Engineer: 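The structure that follows is given in the form of structure tokens.
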There are 2 protein chains.
Amino acid sequence: MKTKQPAARIELSAIYSELRDRICLLQYAPGTRLREEQIAKEFGISRTPVREVIQKLSFAGLVTSKNGIGTIVTEMDSSKLLEIYTLRSKLATMIGELTPNDCQPEQVAAVEKLLDRARNLKDSLEIRDYWMINHEMHFIISELIGNAPLREMWDHLYFQAARFWYDVTRTDVKDVADSLHREIEDILIALRMNDIAAIGYIERNYITYGLRKIKVHYGECELTHKIRTK
Amino acid sequence: MKTKQPAARIELSAIYSELRDRICLLQYAPGTRLREEQIAKEFGISRTPVREVIQKLSFAGLVTSKNGIGTIVTEMDSSKLLEIYTLRSKLATMIGELTPNDCQPEQVAAVEKLLDRARNLKDSLEIRDYWMINHEMHFIISELIGNAPLREMWDHLYFQAARFWYDVTRTDVKDVADSLHREIEDILIALRMNDIAAIGYIERNYITYGLRKIKVHYGECELTHKIRTK
DNA sequence: AAAATTGATTTTGTATACAGCTTGATTAAA
DNA sequence: TTTAATCAAGCTGTATACAAAATCAATTTT
């Protein structure tokens with residue numbers, strides 16, 4: 001009798017999400033070297049499907065692979081981060097203009113729950129909670145975007161910028177927790193009225209607020225420098 | 001002495017561009033089944049790097065792979081094409097708003113050459129020439145987009161929609177040839193003044209004109225039907 | 001002693017054999 | 001004759017061995 005079950009094969013998309021989140025949560029900081037074989041070992045598969053996942057991460061702009069060197073978690077210069085944020089603020093205003101999806105009652109309920117968690121966050125100031133709330137909030141809004149390619153881009157840009165924003169939040173957790181709580185309040189108001197366009201404009205505003213904090217954090221004068229975490 | 005040189009290894013990006021263009025030019029029509037082994041044989045490499053290229057094509061939305069079945073060139077329903085065109089028209093207006101690149105003298109010269117070719121096209125009505133002029137025009141405009149992620153999206157959406165637009169053009173070559181000629185004239189005027197914002201708005205307009213032709217071609221009533229070339 | 005070069009180690013890139021899945025034809029049964 | 005089931009062929013997915021590239025250390029040469 002075998003003592004070990006042959007572990008149920010994990011989906012590649014699950015591995016992708018796992019690695020993506022590790023990168024976004026700075027568990028794998030920019031500059032970190034990932035080893036294909038080590039990842040393969042961890043998930044009990046061979047290098048071939050791991051390379052497939054890594055290629056996806058590469059398309060998402062989260063890693064770059066170089067022969068003989070390794071797979072490196074990408075860094076970012078602040079000018080690029082600025083570009084992403086500027087574009088995100090513009091795309092946000094399109095959410096309501098391009099045939100948004102009607103909001104569902106479950107989504108209102110989900111945001112109400114997130115609002116509770118954001119309220120608790122203001123006391124706990126747990127940075128990891130902040131990120132998870134922010135993360136779930138993102139996907140709820142993403143679901144409201146009716147234009148499929150716009151939604152893809154919205155997600156794409158979010159994951160590119162998330163970890164650098166996450167890095168900023170660590171310097172003043174109280175401030176960003178308050179801001180997140182207020183953002184969710186605003187969104188809940190709009191959501192209850194099924195005014196998706198309003199949500200787009202709310203997002204636009206908080207994105208630009210965030211952009212301002214990023215500029216302060218990295219310093220306007222360092223706009224050409226590389227952003228390096230740790 | 002060997003009669004055959006060991007053929008210089010072709011770059012993967014070149015294979016990607018080649019396959020992408022075959023798909024966009026409808027040489028590989030929607031629904032066509034590609035075989036990894038056959039492609040590997042053609043380019044003298046093994047299946048492994050071919051699969052990498054195919055994954056790229058998959059991310060570009062040009063093919064989908066299914067286990068046991070094959071790699072199929074994607075089809076498109078007209079509602080999705082409509083989404084892409086609507087989004088493209090919106091993005092076009094951002095070109096000038098998001099720190100565009102200054103135009104270079106070479107670019108003006110290149111567009112002047114394209115204008116000549118577009119003028120000839122009005123006589124020859126060679127559909128393949130139409131596509132090549134359109135293609136090169138796209139990349140010149142793409143280079144003017146200063147915001148890198150916006151430029152990525154611009155390219156991405158172009159290649160997703162190109163072949164279906166190409167399909168539309170075949171029904172009235174004279175009409176689209178005239179339109180392309182006028183479009184390039186308009187762009188040349190703006191380019192000479194280094195008014196990139198103007199180019200964005202010109203693009204917006206011609207994209208919406210194209211959208212109208214697409215609706216006529218596929219029929220407004222068939223908006224939920226699949227677009228199938230052949 | 002300093003610098004360059006060579007070699008070992010580590011990593012990604014490639015080739016290839018095999019496993020798993022899907023389809024379609026062929027054969028057997030009703 | 002029709003229907004169901006089984007088998008074979010062909011494709012993508014996976015594992016693994018090997019090739020190529022880059023780095024770092026040790027050694028040799030100047």
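Lettering follows sequence order; numbering is per chain, from 1. The structure displayed is predicted, hence computed values, not measured ones.
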Engineer: Under the criterion salt bridge (Lys or Arg N to Asp or Glu O under 4.0 Å), I'd like the reasoning laid out for B:R204 against B:E97: C-alpha separation, chi angles, the key distance, then a yes or no.
Structural biologist: CA-CA 13 Å; B:R204 190 221 82 99; B:E97 295 170 3; over 6 Å; no
Engineer: Under the 3.5 Å rule, do the base of D:dG13 and the side chain of B:N67 count as making a donor-acceptor pair?
Structural biologist: no
Engineer: Starting at CD1 of A:I15 and ending at P of D:dT14, how long is that distance when rounded to a whole Å?
Structural biologist: 9 Å
Engineer: With a cut-off of less than 4.0 Å, is there a side-chain N or O of B:T48 near OP1 or OP2 of C:dT14?
Structural biologist: no
Engineer: Report yes if a side-chain nitrogen or oxygen of A:R33 is closer than 4.0 Å to either non-bridging phosphate oxygen (OP1 or OP2) of C:dT11; otherwise report no.
Structural biologist: yes
Engineer: Could you verify whether a donor N or O on one side chain and an acceptor N or O on the other, from A:E52 and B:Q55, lie under 3.5 Å apart?
Structural biologist: no
Engineer: Taking the minimum atom-to-atom distance to the side chain of A:I69, which one of C:dT16, D:dT23, D:dT12 wins?
Structural biologist: D:dT23
Engineer: Expressed in angstrom and rounded to an integer, what is the separation of B:E52 atom CD from D:dT12 atom P?
Structural biologist: 16 Å
Engineer: Whole-Å distance between C:dT11 C1' and A:I39 CD1?
Structural biologist: 12 Å
Engineer: May I have the distance from B:I72 (atom CD1) to D:dC11 (atom P), rounded to whole angstrom?
Structural biologist: 11 Å
Engineer: Counting any heavy atom closer than 4.0 Å, what does A:L34 reach on the DNA or RNA strands: base, sugar-phosphate only, or nothing?
Structural biologist: sugar-phosphate
Engineer: In whole Å, I'd like the distance from the CD atom of B:E37 to the P atom of C:dC18.
Structural biologist: 14 Å
Engineer: Nearest-nucleotide wise, let me know which of B:G68 and B:G44 is further upstream toward the 5' end of DNA chain C.
Structural biologist: B:G44
Engineer: Taking A:R47 first and then A:E37, would you say they form a salt bridge - that is, a charged N and a carboxylate O separated by under 4.0 Å?
Structural biologist: no
Engineer: Round to a whole Å and report the spacing from NZ of B:K41 to C1' of C:dT14.
Structural biologist: 19 Å
Engineer: Less than 4.0 angstrom between a side-chain N/O of B:R51 and OP1 or OP2 of D:dG13, yes or no?
Structural biologist: yes
Engineer: For the base of C:dG13, is there a side-chain donor-acceptor partner from A:R47 under 3.5 Å away?
Structural biologist: yes
Engineer: CD1 of B:I45 versus C1' of C:dT16: gap in Å, rounded?
Structural biologist: 14 Å
Engineer: Looking only at side-chain N and O atoms, does A:T71 come under 4.0 Å of OP1 or OP2 in C:dT11?
Structural biologist: no
Engineer: From CZ of A:R35 over to C1' of C:dG13, roughly how many Å is that when rounded to an integer?
Structural biologist: 18 Å
Engineer: Between A:E136 and A:R117, does any NZ, NE, NH1 or NH2 come within less than 4.0 Å of an OD or OE carboxylate oxygen?
Structural biologist: yes
Engineer: Considering only D:dA15, D:dG13, C:dG13, which nucleotide approaches the side chain of A:E36 most closely?
Structural biologist: C:dG13
Engineer: Have B:R51 and A:T48 got a donor and an acceptor in their side chains that come within less than 3.5 Å?
Structural biologist: no
